[in-house]
Amino acid sequence: MLELAKRIPGPKGLPLIGNALDLVGSSHSVFRTIIEKGKEYNEVIKIWIGPKLIVFLVDPRDVELLLSSHVYIDKSPEYRFFKPWLGNGLLISTGHKWRQHRKLIAPTFHLNVLKSFIDLFNENSRLVVEKMHKENGKPFDCHDYMSECTVEILLETAMGVSKKTQDQSGYDYAMAVMKMCDILHLRHRKMWLYPDLFFNLTQYAKKQVKLLDTIHSLTKKVIRNKKAAFDKGTRGSLATTSINTFEIDKPKGDINKTSTVEGLSFGQSANLKDDLDVEENDVGEKKRLAFLDLLLESAENGALISDEEIKNQLRGIFVNNRCIIR
């Protein structure tokens, strides 16, 4: 590893500790430091944190090759910090369980399924713009607004439930997730918080318990209500199956036109395909269900996925989209 690491460019570190001092400070300052140091290099960058080698990929095509791999799926040891939050869901699991759940879930993220949610995207986008109007044109941080919007879009698309039926606001959930992410980032930066024994003695552990209660209460309620709807013979899903075309709202005075979403990912343009890149004919009506609907229906039909695993997958969807916003 040492010989191969010498071939990778990166900032020089100090003996024994490497570049560990660059990770001192808040998560925002650490991020800025890494970005600034990375500007001197192209595509691949390495740093040492003590004896640990970390390699950064800059080119999205390189990142996609790894993220779309079905071979290199083992996660780093630090992912265990997510376990109280996400259990052993898709973000953390590996091996046969990962492959089995990945195959089950993948069709719900097909591009043509996502097209069916355009109306919901538009509606929630208009609502968040209306909320931001109260800032009266002065500079402001849109982060909290967009985080709340993301949660509410997920409720109506991936979960297939109306946000109006939830007694817990998307804002409360989004803020709990944000604070939970801050604790996880803190554990990544402070080595003495790595062992659970020491972490559980801190105020952060007590705060984490309260945040997880807020986070888990939403997913538990959504699943409980969904299962009740299934028992009554209704899905109650807001998702539509008219996915070939959709209406795009134009400014007043213009005529609404029908259009389609097109475009290729980096992998598709390089003739690489994964299990999300299936043909339209392969996405049957059963595979056009909302994410949660598909999991519940699969469990009813005998798929090897338990109620606890459904909860874990649901929480994983929220955290993945949270990371995108962050």
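Heavy-atom basis, side chains included; hydrogens, waters and symmetry copies ignored.
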Visitor: Is R32 atom CZ crowded by more than 12 heavy atoms from other residues, nucleotides or ligands, each under 6.0 Å away?
Guide: no
Visitor: Hey, could you give me the CG/CG distance between D119 and N124, rounded to the nearest 0.5 Å?
Guide: 11.0 Å
Visitor: Near F31 CZ, under 6.0 Å, is it more than 12 heavy atoms from other residues, nucleotides or ligands?
Guide: no
Visitor: Ignoring hydrogens and angles, tell me if any N or O in the side chain of K6 forms a donor-acceptor pair with the backbone of E3 under 3.5 Å.
Guide: no
Visitor: Should L193 and V24 be counted in the same cluster of Ile, Leu, Val, Met, Phe, Trp and Tyr side chains packed under 4.5 Å apart?
Guide: no
Visitor: Would you kindly confirm whether W192 and L23 end up in one hydrophobic cluster when ILVMFWY residues are joined by side chain heavy atoms under 4.5 Å apart?
Guide: no
Visitor: With ILVMFWY side chains joined below 4.5 Å, transitively, what does I8's cluster contain besides itself?
Guide: M1, L2, V44, W48, L53, V55, L57, V63, L66, L67
Visitor: Do I47 and P11 touch side chain to side chain, with heavy atoms closer than 4.5 Å?
Guide: yes
Visitor: Inspect the surroundings of OH in Y79 and state if more than 12 heavy atoms from other residues, nucleotides or ligands are less than 6.0 Å away.
Guide: no
Visitor: For the pair K75 (side chain) and I73 (backbone), establish whether a donor and an acceptor sit closer than 3.5 Å, ignoring hydrogens and angles.
Guide: yes
Visitor: Heavy-atom count around K210 NZ within 6.0 Å, excluding the residue itself: above 12?
Guide: no
Visitor: Are the side chains of V151 and V177 in touch, meaning some heavy atoms are under 4.5 Å apart?
Guide: no
Visitor: Distance from M180 atom CE to H185 atom NE2, nearest 0.5 Å?
Guide: 10.5 Å
Visitor: Is there side-chain contact between D22 and I49, with at least one heavy-atom pair below 4.5 Å?
Guide: no
Visitor: Would I54 end up clustered with V58 when hydrophobic side chains under 4.5 Å apart are linked, directly or stepwise?
Guide: yes
Visitor: Shortest non-hydrogen contact from A176 to T214?
Guide: CB-CG2, 3.8 Å
Visitor: Can you measure from CG (L186) to SG (C181) and round to the nearest 0.5 angstrom?
Guide: 12.5 Å
Visitor: How long is the straight-line distance from OG of S29 back to CD1 of I34, given to the nearest 0.5 Å?
Guide: 10.0 Å
Visitor: Start with the C-alpha gap between L65 and R61, add the side-chain angles, then the distance that decides, and say whether side-chain contact (heavy atoms from CB on, under 4.5 Å) holds.
Guide: CA-CA 6 Å; L65 283 172; R61 292 168 291 188; 5.9 Å; no
Visitor: Classify the angle between the aromatic ring planes of F81 and Y194 as parallel (below 30°), tilted (30 to 60°) or perpendicular (above 60°).
Guide: perpendicular
Visitor: Given side-chain contact (heavy atoms from CB on, under 4.5 Å), test Q208 with F199 step by step and report yes or no.
Guide: CA-CA 11 Å; Q208 176 172 291; F199 173 74; 3.6 Å; yes
Visitor: Is the shortest distance from a Lys or Arg side-chain nitrogen in K39 or E36 to a carboxylate oxygen in the other one below 4.0 Å?
Guide: yes
Visitor: Do R126 and N122 have side chains that get closer than 4.5 Å, going by heavy atoms?
Guide: yes
Visitor: Do R187's NZ or CZ and the ring of Y204 fall within the cation-pi criteria of under 6.0 Å and 45°?
Guide: no
Visitor: If you link ILVMFWY side chains whenever their heavy atoms are less than 4.5 Å apart, which other residues fall into the same cluster as L4? By chain and number, please.
Guide: none
Visitor: Between the side chains of E135 and K138, is the shortest nitrogen-to-carboxylate-oxygen separation below 4.0 Å, so that they form an ion pair?
Guide: yes
Visitor: With a sphere of 6.0 Å drawn around NZ of K52, does it hold more than 12 non-hydrogen atoms of other residues, nucleotides or ligands?
Guide: yes
Visitor: Would you check if Y173 and S217 make a side-chain contact, meaning some heavy-atom pair closer than 4.5 Å?
Guide: no
Visitor: What are the two closest heavy atoms between V71 and S69, and how far apart are they?
Guide: N-OG, 3.0 Å
Visitor: Does the ring-ring contact (aromatic ring centres under 6.0 Å, His included) test come out yes or no for Y41 and F56, once each step is laid out?
Guide: CA-CA 11 Å; Y41 307 93; F56 295 87; over 10 Å; no
Visitor: Taking the side chain as every heavy atom from C-beta outward, state whether F198 and T202 have any pair of such atoms under 4.5 Å apart.
Guide: no
